[in-house]
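Report on the following structure.
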Amino acid sequence: AIEILKTIIEENPNDTRALNLYAALLQHNEQFAEAQAVLKKVLAQQPNDPETMISLAGLAYRQNHVSEGDIYVSTVERSGKITRDQYANLAFNLLVADKNKEAAVYYQKALEMAPRAIDYYNLGCAYAKTNDTANAIKALEQSVKLGYNSKQQFENDPDLTSLRSDNRFKELLKTLK
């Protein structure tokens, strides 16, 4: 897919949708410098595009360039154009990259805008991965209250391993389908 997109982009260098998809694939393959260069091309064509800046923030955080990531996020926040989905997507990317404390911060921001069960579940995962059991359980309980009740997911998610022996987690499992 990367090679096909590369060819499409060579023929259509201003196709920002193709560029964004290409950058996402590069990031998925941990080709961070190349993904960043592609996203900066998009940003040159669409200055201050919130989606692109949030993607660049995620890349910066994954490479431990925290202040650079913070600048992108704060720029979008100041514009008033940030959405709960952008916060949640950034948080999920950070969670997958094992940047769990950062993920928790952005899940909280997404949840402040609009609560969603899956975001509470993922927030619980972020807390569990940092051994913050109390906040993990609290977030997971909230996810269940909002309808996320896959017992299989709770039982098998490796992110929740640290909670398996906790009695509160065991009680929560009893309420799931």
Side-chain angles (χ1 to χ4, degrees), residues 1-132 135-136 139 143 148 157-159:
I2 289 177
E3 290 305 315
I4 293 169
L5 275 170
K6 191 174 183 179
T7 302
I8 292 170
I9 290 167
E10 287 170 1
E11 294 171 7
N12 304 288
N14 296 323
D15 186 339
T16 57
R17 287 187 334 173
L19 287 166
N20 278 317
L21 184 55
Y22 183 51
L25 287 171
L26 290 169
Q27 182 175 340
H28 179 75
N29 286 316
E30 297 187 3
Q31 297 174 348
F32 300 132
E34 291 174 54
Q36 185 176 27
V38 171
L39 288 170
K40 286 186 176 185
K41 286 181 186 177
V42 173
L43 203 56
Q45 292 179 39
Q46 300 175 334
N48 300 316
D49 177 60
E51 287 288 333
T52 305
M53 287 202 290
I54 293 300
S55 294
L56 283 163
L59 277 169
Y61 289 134
R62 288 189 73 169
Q63 298 174 85
N64 296 316
H65 302 146
V66 176
S67 54
E68 182 182 347
D70 289 347
I71 290 169
Y72 285 119
V73 173
S74 65
T75 300
V76 179
E77 288 174 333
R78 282 193 313 274
S79 77
K81 295 180 181 178
I82 195 149
T83 66
R84 66 146 332 280
D85 288 339
Q86 288 167 338
Y87 277 135
N89 290 338
L90 176 57
F92 183 75
N93 285 327
L94 292 168
L95 184 67
V96 170
D98 209 29
K99 302 287 185 186
N100 303 305
K101 289 180 182 179
E102 295 89 343
V105 168
Y106 291 113
Y107 274 122
Q108 288 286 7
K109 289 183 178 215
L111 289 163
E112 287 170 11
M113 293 178 86
R116 269 192 354 197
I118 188 64
D119 292 336
Y120 273 111
Y121 177 84
N122 286 328
L123 176 61
C125 290
Y127 283 136
K129 289 170 72 176
T130 61
N131 295 312
D132 185 345
N135 280 323
S143 76
Y148 196 81
D157 193 328
D159 291 349

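Just so you know, residue 1 is the first one in the sequence shown, and it goes up from there.
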Gln36 pairs by side-chain contact (heavy atoms from CB on, under 4.5 Å) with which of Glu68, Gln27, Gln31, His65?
->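 Single side-chain contact (heavy atoms from CB on, under 4.5 Å) partner of Gln36 among Glu68, Gln27, Gln31, His65: Glu68.
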Nearest heavy-atom pair of [X] and [Y]: which atoms, and what distance?
X	Y	result
Val76	Pro50	CG1-CB, 3.8 Å
Leu39	Ser55	CD1-CB, 3.7 Å
Arg84	Ala114	NE-O, 3.2 Å
Ala57	Gly69	CB-O, 3.6 Å
Leu90	Gly58	CD1-CA, 3.5 Å
Ala88	Asp119	CB-OD1, 3.7 Å

What distance do [X] atom [atom1] and [Y] atom [atom2] have between them, rounded to the nearest 0.5 Å?
X	Y	atom1	atom2	value
Arg62	Phe32	CZ	CZ	3.5 Å
Ile2	Ile9	CD1	CD1	10.5 Å
Leu25	Lys6	CG	NZ	13.0 Å
Phe92	Leu94	CZ	CG	11.0 Å
Asn29	Glu34	CG	CD	10.0 Å
Gln46	Met53	CD	CE	11.0 Å

Candidate pair Asn93 and Lys99, rule side-chain hydrogen bond (donor to acceptor under 3.5 Å, both in side chains), full reasoning | CA-CA 9 Å; Asn93 285 327; Lys99 302 287 185 186; over 6 Å; no
With side chains defined as the heavy atoms from C-beta onward, is the minimum distance between [X] and [Y] less than 4.5 Å?
X	Y	result
Glu51	Val42	no
Arg116	Tyr107	no
Asp157	Cys125	yes
Asn48	Ser79	no
Asn100	Asp159	no
Ile54	Tyr106	no

So for atom [atom1], which belongs to [X], do other residues, nucleotides or ligands contribute more than 12 heavy atoms lying within a distance under 6.0 Å?
X	atom1	value
Lys109	NZ	yes
Ile118	CD1	yes
Tyr72	OH	yes

Does any N or O in the side chain of [X] come within less than 3.5 Å of the main-chain N or O of [Y], such that one atom is a donor and the other an acceptor?
X	Y	answer
Tyr61	Asp70	yes
Thr7	Glu3	yes
Asn12	Asp15	no

